[in-house]
Amino acid sequence: MNLLKLPDAAQSLDEELVDVLAENRHVRIERIVSTGQSSAESFWYDQDEHEWLVVLQGAARLMFDDRRSVELKPGDSLQIPAHCRHRVAWTTPEEATVWLAVFYHDDAG
């Protein structure tokens with residue numbers, strides 16, 4: 001699968017496109033395509049699992065509830081521990097932002 005090959009309609013999505021590439025009871029791997037989307041100001045992800053992500057294309061900014069923000073561009077990766085509240089503050093509207101995200105639990109081994 002070419003992770004950067006997107007459907008033509010992906011450039012004008014109202015919501016992010018999420019494709020689950022692989023999953024079992026320990027891990028889930030997703031390709032996420034954002035086209036300018038961001039989380040609502042009052043929304044925070046508070047996930048039960050850890051998340052490792054990498055931006056393959058485009059750019060994004062994540063905001064954490066401690067007011068820290070992280071800018072990501074192609075090749076940048078980030079580890080987000082379980083229950084670390086965060087949200088997507090911005091994704092580039094000029095081109096699709098393609099993320100690869102791996103979600104897992106401590107007991108995955």
Side-chain angles (χ1 to χ4, degrees):
M1 168 185 224
N2 181 344
L3 295 174
L4 297 178
K5 182 166 175 45
L6 306 174
D8 292 336
Q11 294 301 322
S12 61
L13 296 170
D14 290 333
E15 296 181 11
E16 289 181 320
L17 174 67
V18 178
D19 294 315
V20 176
L21 304 177
E23 72 178 320
N24 64 29
R25 63 187 181 146
H26 301 292
V27 67
R28 182 177 74 259
I29 302 170
E30 296 179 351
R31 178 185 71 166
I32 304 165
V33 179
S34 305
T35 54
Q37 288 87 0
S38 61
S39 303
E41 288 285 328
S42 62
F43 175 82
W44 295 97
Y45 289 101
D46 187 356
Q47 302 161 168
D48 291 333
E49 65 256 316
H50 304 294
E51 179 180 359
W52 176 86
L53 60 88
V54 61
V55 171
L56 303 176
Q57 173 183 298
R61 183 181 317 109
L62 297 182
M63 179 71 70
F64 294 84
D65 70 350
D66 63 2
R67 304 189 67 94
R68 175 176 51 107
S69 69
V70 176
E71 303 257 348
L72 300 164
K73 57 186 185 300
D76 291 343
S77 65
L78 183 65
Q79 174 72 38
I80 304 172
H83 298 292
C84 179
R85 289 170 34 106
H86 65 285
R87 64 184 189 84
V88 178
W90 172 85
T91 60
T92 183
E94 296 85 26
E95 70 174 316
T97 299
V98 180
W99 319 66
L100 186 65
V102 179
F103 300 89
Y104 63 95
H105 296 274
D106 283 330
D107 62 354

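Keep in mind the model is a prediction, meaning the values are calculated, not measured.
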Undergrad: Is the number of heavy atoms from other residues, nucleotides or ligands within 6.0 Å of CD (Gln79) greater than 12?
TA: yes

Undergrad: Which residues pass the side-chain hydrogen bond (donor to acceptor under 3.5 Å, both in side chains) test with Thr92, not counting sequence neighbours?
TA: Glu94

Undergrad: Check whether any side-chain heavy atom of Glu49 lies under 4.5 Å from a side-chain heavy atom of Val27, and answer yes or no.
TA: no

Undergrad: Examine Leu17 and Leu3 and state if one hydrophobic cluster contains both, with Ile, Leu, Val, Met, Phe, Trp and Tyr joined whenever side-chain heavy atoms are less than 4.5 Å apart.
TA: yes

Undergrad: Side chains of Glu30 and Glu23: closer than 4.5 Å at any heavy-atom pair?
TA: no

Undergrad: Among side-chain atoms of Asp106 and His50, is any donor-acceptor pair under 3.5 angstrom?
TA: yes

Undergrad: What distance do Trp52 atom CH2 and Ile29 atom CD1 have between them, rounded to the nearest 0.5 Å?
TA: 9.5 Å

Undergrad: Kindly compute the distance separating OG (Ser38) from CD (Glu16), expressed to the nearest 0.5 Å.
TA: 9.0 Å

Undergrad: Flag the pair Val88 / Gln37 as yes when at least one side-chain heavy-atom distance between them is below 4.5 Å, and no otherwise.
TA: no

Undergrad: Is it the case that one hydrophobic cluster holds both Leu62 and Trp90, taking links as side-chain heavy atoms less than 4.5 Å apart, direct or via other members?
TA: no

Undergrad: Once you round to the nearest 0.5 Å, how far does OH of Tyr45 lie from NE2 of His83?
TA: 16.0 Å

Undergrad: Identify the two heavy atoms, one from Thr97 and one from Gly58, that lie closest to each other, and give their separation to 0.1 Å.
TA: OG1-CA, 3.8 Å

Undergrad: When clusters are formed by joining ILVMFWY residues with side-chain heavy atoms under 4.5 Å apart, either directly or through shared neighbours, do Val55 and Val98 land in the same one?
TA: no

Undergrad: Rounded to the nearest 0.5 Å, how far does CG of Leu100 lie from CG of Asp19?
TA: 11.0 Å

Undergrad: Which pairs would a plain distance check flag for residues 65-76, meaning a side-chain donor or acceptor within less than 3.5 Å of a matching protein atom at least two apart in sequence or in another chain?
TA:
residue : atom : partner : partner atom : Å
Asp65   : OD2  : Arg85   : NE           : 3.1
Asp66   : OD1  : Arg68   : N            : 3.0
Glu71   : OE2  : Arg61   : NE           : 2.6
Glu71   : OE2  : Arg61   : NH2          : 3.3
Asp76   : OD2  : Lys73   : N            : 2.9

Undergrad: About how many Å separate CZ of Arg28 and CG of Leu21, when rounded to the nearest 0.5 Å?
TA: 11.0 Å

Undergrad: Considering non-hydrogen atoms only, spot the tightest contact between Trp44 and Phe64 and give its length.
TA: CZ3-C, 3.5 Å

Undergrad: Atom CD in Glu51, atom CZ in Phe103: separation rounded to 0.5 Å?
TA: 3.5 Å

Undergrad: Which pair of heavy atoms, one from Val33 and one from Ala96, lies closest together, and at what distance?
TA: CG1-CB, 3.9 Å

Undergrad: Let me check something: do Ile80 and Tyr104 share a hydrophobic cluster, defined by ILVMFWY side-chain heavy atoms less than 4.5 Å apart, either directly or through other members?
TA: no

Undergrad: Does Glu41 have any side chain to side chain contact (heavy atoms under 4.5 Å, CB included) partners at least two apart in sequence or in another chain, and if so, which?
TA: Arg87

